[in-house]
Structures are given as C-alpha cells and as structure tokens.
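When a ligand or atom number is given, it counts from 1 through the structure's own listing order.
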Amino acid sequence: MAEYILQLKNIHKSFPGIKVLEDVHFELLPGEIHALMGENGAGKSTLIKIISGVHQSDRQGEIYLDGKQVYIRSPLDAQALGIAAVHQHVTSFPDLSVAENVFIGHEKIHSFAKVIDWKAMHKQANDLLERLDAKFDSRVQMGSLSVAQQQIVEIAKALSTNARILIMDEPTAALTSQESEDLYGIIRGLKQKGVSIIFISHRFEDMYTIADRVTVMRDGRYVNTWNVPEVNDNTMVVAMVGRELVQFFPKRDVKPGEEIFRVEGLCRTGFFKDVSFTLRRGEILALTGLVGSGRTEVCEAIFGVTVYDEGTVTLNGQSLHRGDPAASIGAGIGYLPEDRHKQGLVLPWEISKNITLSGLDQFTIRGWIDLKKENAAAKTLGEKLGIKAQSVYDRVSTLSGGNQQKVIVAKLLNSDMKVLILDEPTKGVDVGAKYSIYEIMNELAAAGYGIIMVSSELPEVLGVSDRVVVMKEGRVTATMDVKEATQETILRYAAIQNPPSVQVKAPGA
Ligand SMILES: Nc1ncnc2c1ncn2[C@@H]1O[C@H](COP(=O)(O)OP(=O)(O)OP(=O)(O)O)[C@@H](O)[C@H]1O
Ligand SMILES: [Mg+2]
C-alpha cells in the first residue's frame with residue numbers, strides 16, 4: 001500500500017501574466033488532519049482548487065492517489081475519486097432548502113420514474129446532518145441559517161459524495177470560538193471514520209488544536225512540512241513571512257482625549273437591551289463577547305443598517321439619526337461590516353477604485369477624479385497592508401480572499417471619518433497584515449479618530465485596545481480598562497450564568 005493517500009509533485013500554475021504556483025509538492029497521509037498555512041496570496045486556495053478539479057495544474061504536474069497517478073480535470077473527476085472541498089467563500093443557494101443545497105448536482109432520482117426522490121433526499125440529508133450533530137432539519141431554508149450552520153451544510157454536501165479526502169478552505173474564518181470548537185469536534189469525528197483532511201486557516205490555534213501535520217507555503221512555493229508538536233509561533237511566522245516578527249501588537253502611546261461619542265440606553269427588542277458606552281478621541285474601544293452576544297447587532301444599529309427602539313447615539317454632542325447609514329457617514333462614522341462579501345467590494349473594479357471609493361472628495365478637482373492622486377493613495381495604502389497584486393489596476397476579483405479583505409480595510413482607512421466601527425477587522429488576514437492593520441488603527445487614533453473594534457480574539461482585544469466592553473446575551477456585563485483586563489476576567493463576564501439583567505427575548509420572539 002502506498003504511504004500517502006494523496007501526493008502532488010511538481011505543481012505549477014500560471015494565470016495570464018502571473019505565476020501563482022511554482023514546483024509545489026504536497027503529501028497527505030491516510031487519516032491525518034493536515035493544516036495548510038501561509039500569507040494572503042501564497043497560493044493555498046489555488047493549490048486546493050487544483051486538487052478539487054476547479055483549476056488544472058500546468059502540464060508538468062503530477063497527482064497520485066493511493067500511489068496511482070490520476071488526472072483531475074473537473075470537480076466531477078475529483079468527486080468520483082472521493083475528493084470533496086468546502087471553498088473559501090461559501091456559495092450556497094439561500095432560497096433553497098438545506099437538502100437541495102446538499103444534493104445540488106447529484107439529486108436523488110427515483111429509479112423507476114425520472115423525478116427527484118424528495119423523501120430519500122431528505123432522509124439522507126438528515127442522516128448526514130445527524131452525523132454532524134446539527135440541530136436543524138433538512139427542510140429549512142439555507143438563508144435562514146447562521147454562517148456556522150451553513151458551514152455544516154457545506155460539509156454535509158462534501159460528505160454526501162462519500163469523500164475520503166475532505167478539503168476545507170478557511171472554515172473557521174467566519175466562526176466564533178465556540179462554533180470553531182464545535183467544528184473541531186466534527187472534524188475529529190470524520191478523522192476517526194478514516195477521512196483525511198486538508199485544512200486551511202490563518203489561525204495558529206486551529207493548527208495547534210486539531211492538525212497532525214502542517215505545511216507552509218510562501219509566494220507560491222513549498223516551504224516545509226512539520227509534525228505539529230514540533231512547531232511554535234516563531235517557527236510558523238518565520239516560515240510564512242520569511243522573517244521574525246518581534247511582536248504581534250505594535251506599541252500604543254496615544255493618550256485618549258475628551259469624549260467624542262456616546263451610546264446611551266440603546267435597545268432593540270429581541271437583540272440587545274440597555275447598551276451604553278462612551279468613546280474618547282484617540283481611543284480604541286474593544287467590544288467583545290461570545291456567540292450571539294449582540295455586538296454586531298449593536299454596531300449595525302449605531303451605524304443605521306438596522307433601527308433601534310430606544311436610546312440615543314451622539315457624536316460630539318449632536319444626536320445621530322436613527323436607521324440612516326448615509327447620515328451616519330455624513331456625520332463622520334465609518335463602518336466595516338462583519339460580512340465583507342455582502343457589502344464592501346465592487347469585484348469587477350480595479351483595486352485603486354475600490355480603495356478610493358469612500359474618500360472620493362479627496363480625489364476630485366471640480367468634479368473630475370484626479371486619477372494620479374487616486375492611484376498614488378491606493379498604492380501607498382496597498383503597500384502598507386501588503387496587498388499582493390501586480391498593480392493597483394488589477395481587478396479585485398482576481399485577488400486571494402485575504403487580499404480582497406485588505407482592500408476593504410484600506411478603503412475604510414482611506415476615508416475621512418471621526419469614529420470608525422470595525423467588526424472583526426483582522427479576520428482572514430495573515431499575521432504580517434494584522435500587524436499593519438493595528439499600526440494604521442494606532443495612526444488613526446493618534447490623528448484623533450475614536451475606534452470601536454469588535455473582536456472575538458482575546459489576545460487581540462488585550463493587545464490593541466484601551467478599554468474593553470464585554471457583552472452577554474444582548475447586555476453589557478462589564479466595561480473595564482485594558483490594564484485591569486485579563487482573558488479570564490473577560491471570559492467570566494462574557495459567560496456568567498445569570499447576568500444582573502432582564503432576560504432578552506430571542507430573535508423574532
Ligand atoms: N483567476 C486568477 N487570475 C489572476 N490571478 C489569480 C487568479 N486566482 C488567483 N490569483 C492570484 O494567485 C495568488 C494566490 O492566490 P490564492 O487565492 O491561491 O492565495 P491564498 O494563499 O489562498 O490566499 P488567502 O490567504 O488570502 O486566501 C494571488 O496573488 C492571486 O491574486
Ligand atoms: Mg485563499
């Protein structure tokens with residue numbers, strides 16, 4: 001028997017004008033969980049798209065399955081060989097049921113009549129969901145599920161083809177820590193059943209917790225493979241970035257000034273209740289808490305994407321209009337939403353246009369856009385964040401996932417705002433770029449901005465902010481100076497059993 005279940009040799013891939021993979025090799029052991037890591041644009045997604053038949057490698061590449069050479073020319077080929085992938089941006093059909101999403105492309109057909117066998121399809125979908133410990137039925141509409149639940153459907157879809165090799169591209173990027181824990185459980189269960197797993201993530205914690213081995217790629221090349229117990233943060237950073245990062249968080253020396261922003265007694269029935277906090281000039285305020293604690297909902301309401309029922313939001317003493325994002329922007333509030341792909345990017349546009357979109361007045365002379373100035377500004381920010389592209393004229397749709405994310409952040413940081421609300425600003429970006437984002441946040445704070453950062457990563461909360469607001473079940477349970485905060489205290493306030501508050505109604509109740 002072959003040592004490896006999957007082996008790739010000599011993989012090259014070029015797109016017009018750009019070499020993305022160069023002489024990459026990769027080996028997957030039977031029944032292992034193998035993490036694939038590297039900076040944004042390193043070529044991870046491209047490599048797994050070659051394994052799953054979305055792209056073909058350039059001519060010289062070789063792929064072996066159980067020691068036998070195979071040719072994977074389409075996703076159907078991959079499926080027939082027992083390879084399934086959950087891609088970086090979940091592409092489900094929100095209006096269809098879970099079962100329809102699971103079996104799309106290979107619907108169950110009655111053997112005697114050429115019609116879809118709904119009963120069999122729902123039964124099998126529910127069996128799969130049960131195997132994955134899902135708490136929802138195959139008949140519910142996909143669009144009504146949370147991101148984590150949709151992820152489970154994607155995995156069910158992968159398993160519905162009896163895959164022996166399951167590839168997951170950043171499955172935890174949009175999940176909270178509890179949801180990630182649940183996903184780890186599912187992945188371990190699959191491993192026990194003999195499925196081999198390739199797992200892409202930017203989170204070291206994912207790798208330490210579930211992977212057996214880890215392979216690092218840099219600039220389209222293979223760097224090395226290790227057994228996970230042999231590596232530490234430093235080995236990984238050096239392998240991925242090519243140099244040591246002395247620290248993960250830049251030093252803060254901004255002294256917050258006077259209060260500029262105030263949220264008082266904010267309520268939205270079913271979502272959050274009596275939320276109050278203040279923000280000072282130059283301050284970075286972290287808003288943290290567990291799954292569904294209401295952080296994102298509070299930010300949406302402040303900015304005006306949704307409407308709150310009670311309370312006030314004031315900027316420099318002026319109260320803001322409720323439910324009016326345009327007025328919020330006009331008043332100087334910038335917002336980076338959690339779901340970047342729904343709101344944020346014009347994919348067919350060039351990078352430069354996307355970045356300068358929100359700060360357009362800076363680049364216009366009597367109504368005409370000053371292209372030179374626009375491109376120069378885009379270039380500076382792009383370099384600062386390390387956006388990997390050939391030039392600022394590249395279309396955003398050709399960028400890797402993390403690099404698209406950097407464009408969204410750059411776009412916001414380029415706008416002229418007084419208060420920035422950043423919902424998980426570093427999700428999906430690599431360690432080096434995280435550092436640059438923190439640096440820019442510091443610069444903006446020094447320039448007098450107030451920043452509200454929603455984050456679930458406690459080291460980030462502690463490393464970046466001045467004060468921490470903890471939420472639980474739609475209520476603020478603690479507000480503390482970061483100097484008094486520790487992971488333990490934050491977790492205690494995020495998870496205490498009976499917060500001294502009225503019970504918040506469930507959404508839609
Ligand atoms: N269709 C395409 N046309 C041109 N360039 C492309 C195309 N697809 C990917 N690239 C380029 O290939 C490089 C590698 O992209 P890939 O998506 O594999 O990176 P990645 O390692 O998955 O990054 P991330 O962590 O950001 O998801 C990037 O520079 C990207 O711009
Ligand atoms: Mg990717």
Starting from [atom], find the nearest protein heavy-atom neighbour and note its residue, name and distance.
atom: atom 27 (O) of ligand 1; value: Gln88 NE2, 3.0 Å
atom: atom 30 (C) of ligand 1; value: Thr398 O, 3.4 Å
atom: atom 29 (O) of ligand 1; value: Lys388 NZ, 3.5 Å

Quick check on Glu39 - does any of its heavy atoms sit under 4.0 Å from an atom of ligand 1?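 Yes, Glu39 has heavy atoms under 4.0 Å from ligand 1.
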Could you walk me through whether Val237 and Phe248 pass the side-chain contact (heavy atoms from CB on, under 4.5 Å) test, one step at a time? CA-CA 10 Å; Val237 170; Phe248 287 93; 4.1 Å; yes
Can the positive tip of Lys13 be found less than 6.0 Å from the middle of the six-membered ring of Phe15, inside 45° of the ring normal?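 Yes - Lys13 lies over the ring of Phe15, closer than 6.0 Å to its centre and within 45° of its axis.
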Treating Asn227 as the side-chain partner and Pro229 as the backbone partner, does any N or O pair qualify as donor plus acceptor under 3.5 Å?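 Looks like no, no N/O pair under 3.5 Å.
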Look only at the side chain of Lys191 and the backbone of Glu32, and say whether a donor-acceptor pair between them is shorter than 3.5 Å. no
Search all heavy atoms of [X] against all heavy atoms of [Y] and return the closest pair with its distance.
X: Ile284; Y: Ala445; value: CG1-CB, 4.4 Å
X: Glu27; Y: Leu8; value: OE2-O, 4.5 Å
X: Thr161; Y: Ala84; value: OG1-CB, 4.1 Å

Working note: Asp430 + Lys388, criterion salt bridge (charged side-chain N to carboxylate O under 4.0 Å, His left out); need CA distance, chi angles, decisive distance, verdict. CA-CA 12 Å; Asp430 61 55; Lys388 193 167 173 268; over 6 Å; no
Total protein N/O/S atoms sitting under 2.8 Å from the Mg ion (ligand 2), waters ignored, is 2
Which of the atoms of ligand 1 are close to Val20, meaning less than 4.0 Å from one of its heavy atoms? 11 (C), 12 (O), 13 (C), 14 (C)
May I ask which of Gly43, Ala433, Ser400 has a heavy atom nearer to atom 17 (O) of ligand 1 than the others do?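 Heavy atom nearest to atom 17 (O) of ligand 1 belongs to Ser400.
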Nearest heavy atom to atom 22 (O) of ligand 1: which of Ser45, Ser201, Gly41, Ala42 does it belong to? Ser45
Please determine, by modelled atom types, if His25 and Asp23 share a side-chain donor-acceptor pair under 3.5 angstrom.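 There is no such pair between these side chains.
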